[in-house]
There are 2 protein chains.
Amino acid sequence: MSSSSSSLSSEPGGPGLRVTVSDVAAAAGVSRATATRALKGEGRFAPETQERILAEAERLGYVRNTMAAELAAGRTGTVGLMLRDASNPAYGLLFSRLQDEAHRRGLDLVTVTIGADEQGAEQVNALHRLLGMRVAGLIVATGGITAAQLEPFADQVPIVRAGRVETATGIHTAHYDDPSHGTMLASHVLSLGHRNVVVLSGASDVSFAEHLRASAMRETLVAGGASVTLLSAGAAPTEGVDEALAAVRDGATAVMCASDYRQLAVMRASRAAGLSVPGDVSVTGCDGILPGADLLGLTTLRIPVEAVAAAAVETMQRLLSPDADSDSDSDSESTVRQAFVGTLVPGTTAAAV
Amino acid sequence: MSSSSSSLSSEPGGPGLRVTVSDVAAAAGVSRATATRALKGEGRFAPETQERILAEAERLGYVRNTMAAELAAGRTGTVGLMLRDASNPAYGLLFSRLQDEAHRRGLDLVTVTIGADEQGAEQVNALHRLLGMRVAGLIVATGGITAAQLEPFADQVPIVRAGRVETATGIHTAHYDDPSHGTMLASHVLSLGHRNVVVLSGASDVSFAEHLRASAMRETLVAGGASVTLLSAGAAPTEGVDEALAAVRDGATAVMCASDYRQLAVMRASRAAGLSVPGDVSVTGCDGILPGADLLGLTTLRIPVEAVAAAAVETMQRLLSPDADSDSDSDSESTVRQAFVGTLVPGTTAAAV
DNA sequence: GTGAAAGCGCTAACAA
DNA sequence: TTGTTAGCGCTTTCAC
């Protein structure tokens, strides 16, 4: 049977994996050492020898055993990515962009994810999975893991946090400037004339990003002379919605949500309660990632996912490059911390009072 | 300096990684073998010895080198997942559910993704990355990789395709029943009285799922006595939209899109063109994953992501379990192929003629 | 240009 | 119960 047109054809009846360099070397009539060099194209070897080795490797369907290779070489070519549950489009997009960017820069990423609701144990487990692989670097895109858990490894492997700010020393970040986001949205709402506003957010231990946004909203609103009702809810976007609408009936003219998910929940509830948006109540969110947000006319803020992803990967790449320091407890290289600001999307769910 | 409350504290000034079993063993005054056993809690050892070893390991911040461990053990505990670009919520959700399910069943997943638009080279590269890690199994959740590329490895490692149907032998699947989805949506549109319909889809090489849906739509519509205009567009959801609206002006009363993304594009364009939905034209999509789809009133079909994810992981787990066969080219174990049907979501974007 | 030899860190019989 | 002994598959000096 002739092999298919694929370049991955393997021996007729034979294996393909579990073919070792030794097999390839033997088939080509050279030693393991030569085969290794020729296969990765490094070191010295005769061009024609390489050709023969490559041909045999392909014929046998050889796939290098990465574990053995990296173990022997003592280094790793991949960067680990810890990701939060990607069912949230904001994380899905971040994931996608991190991946693209890494690919563009020639970095290999392996990802482990953690359920959105998981507690410490699972996070630590995931961290260990990655560290156990002796990844060359770590990009952390989940708030669920604490600085204390990361810090012990910060001087052994570069760690870049993506999305969320981090105060621990030695851990670099490329993060969203959530306080600014809150401020921008609040300013918009103030400019529309609202002076009695509900701020609906997840509690700080549920979503730190939401907490930062909400705090900034509150401050800006208060500074602008508005009366503010701050509602700290649980993770489920429907939580706190009833209270928010109750506050509206008591005179609030706008509900500012710390995320688009909550905004959607508020709009659903408003519709169900017969309140018109923005007629009876203005509503704002934050994220701006949802496809279709424009059709809904969401008033939100588009977070700079692309910029954060690019910066995170770029930082990682730089940390991985020709410098080799900090083997002692040096502060020779300072911690990189970059914040990125998104753009306001006015929409039609918020109108002048 | 006392260590933080974290359970990951490492030696004061010392490393944490690059601590080996030998170090732990030495510190505890035992041999490597004993340390290994105690650390993984298998085999024989004195409880008090274990306690001492565990304590030393923690004190030193020991993290087992997975590569070495799996290389030595000759097996791997992780399953590889090949994923398509997660910026599409449908894939993001599938990813999330696969992850959850794997976790529930005690399977470790490592993921590599491929950009949505990447061609063969990148796909093969990703496949090799996973195979190089000698993963115990492979779950493929991207249509970008062909059966021909997968097949050579099908008898060396269990492969389960998630989402898309597969005809190659030896490759199991848990997939969406897209033809049924197309039929269900078309039946709905027929039942609303439409007899002049545009079907807007990605070409088969752009999205096989869309192609399957669109084909079924067309057949069902034709069988129902409708006149059908089939538009095969490129990957970008805006492609083909103008043609679709042109057809509407020529008398079509409904535009059936093969995905929700295209549906959104059509709605945007309709709005821009001053056509009311569903007044002037009914529009349908397919996926039903978008948060906020309900607020938009999208007429769509919710694909059974959860069922597919659960089935894919369950199949994988079963393939990984106590049976060990097919070392020869046996057909002893038949190929598992499960199709799942979603549920119609009527919405308000499609109305009676 | 090529090969021989010594491991990388860990596991798994088998002895002790 | 614990230690000894071989490797897993690959890379990498260092001679030839």
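Each chain gets a letter, A, B and so on, in the order its sequence line appears, and its residues count up from 1.
Side-chain contact check for B/Leu131 versus B/Leu138: some heavy-atom pair is nearer than 4.5 Å. Side-chain contact between A/Val124 and A/His128 is present, with at least one heavy-atom pair separated by less than 4.5 Å. A 4.5 Å side-chain heavy-atom check between B/Val30 and B/Arg52 finds at least one atom pair inside the cut-off. A heavy-atom distance below 4.5 Å is found between the side chains of B/Thr78 and B/Val135. Considering only heavy atoms from C-beta on, A/Leu150 comes within 4.5 Å of A/Leu127 through its side chain. Proximity of A/Phe153 to A/Leu130: side-chain heavy atoms (C-beta onward) are nowhere separated by under 4.5 Å. Counting heavy atoms from C-beta on, the side chains of B/Val140 and B/Glu166 never come closer than 4.5 Å. In this structure, B/Thr142 and B/Tyr91 have side chains that are not in contact, with every pair of non-hydrogen atoms separated by 4.5 Å or more.
In this structure, B/Asp23 places its CG atom 9 Å from P of C/dG9, rounding to the nearest Å. When rounded to the nearest whole Å, the span between CE of A/Met133 and P of C/dG9 equals 18 Å. The separation between B/Leu39 atom CG and C/dC10 atom P is 9 Å, rounded to whole Å. B/Arg44 places its CZ atom 17 Å from the P atom of C/dT11, with the value rounded to the nearest Å. Rounded to whole Å, atom P of C/dT2 lies 16 Å from atom CD of A/Glu42. Remark: P of C/dC10 and CG of B/Leu17 are 11 Å apart, rounded to the nearest angstrom. If you measure from atom CZ of A/Arg52 to atom P of C/dG1, you get 15 Å, rounded to the nearest angstrom.
Distances shown here put a side-chain N or O of B/Thr36 below 4.0 Å from the OP1 or OP2 atom of C/dT11. Distances shown here put every side-chain N or O of A/Ser31 at or beyond 4.0 Å from the OP1 or OP2 atom of C/dT2. The phosphate of C/dT2 (OP1 or OP2) has a side-chain N or O of A/Thr49 nearer than 4.0 angstrom.
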Steps toward side chain to side chain contact (heavy atoms under 4.5 Å, CB included) verdict (A/Thr113, B/Phe95): CA-CA 9 Å; A/Thr113 69; B/Phe95 179 34; 3.3 Å; yes
Worked check of side chain to side chain contact (heavy atoms under 4.5 Å, CB included) between B/Met82 and B/Val112: CA-CA 5 Å; B/Met82 287 185 72; B/Val112 304; 4.2 Å; yes
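When the side-chain contact (heavy atoms from CB on, under 4.5 Å) test is applied to A/Leu71, the partners found at least two apart in sequence or on another chain are B/Asn65, B/Ala68, B/Leu71.
Mapping B/Pro47 and A/Ser22 onto DNA chain D via the closest heavy atom, the residue that lands nearer the 5' end is B/Pro47.
Counting only residues at least two apart or in different chains, salt bridge (Lys or Arg N to Asp or Glu O under 4.0 Å) contacts with residues 24-46 of chain B comprise B/Lys40-B/Glu42.
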Under 3.5 Å, which protein N or O atoms sit close to an N or O of nucleotides 13-16 of chain C? Give each pair with its distance.
none

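Reading DNA chain D from its 5' end, the first and the last nucleotide to sit under 4.0 Å from a heavy atom of chain A are D/dG9 to D/dT12.
Contact check of residues 64-72 of chain B against DNA chain D (heavy atom, cut-off under 4.0 Å) returns B/Leu71, B/Ala72.
Under 4.0 Å is where a charged nitrogen must lie from a carboxylate oxygen, and between B/Glu314 and B/Arg318 at least one such pair does. Salt bridge annotation for A/Arg105-A/Glu101: present, with a cationic side-chain nitrogen under 4.0 angstrom from a carboxylate oxygen.
One end of the helix from C/dG1-D/dC16 to C/dA16-D/dT1 points its axis 30° away from the other end's axis, with each axis taken from 5 pairs and the angle rounded to 10°.
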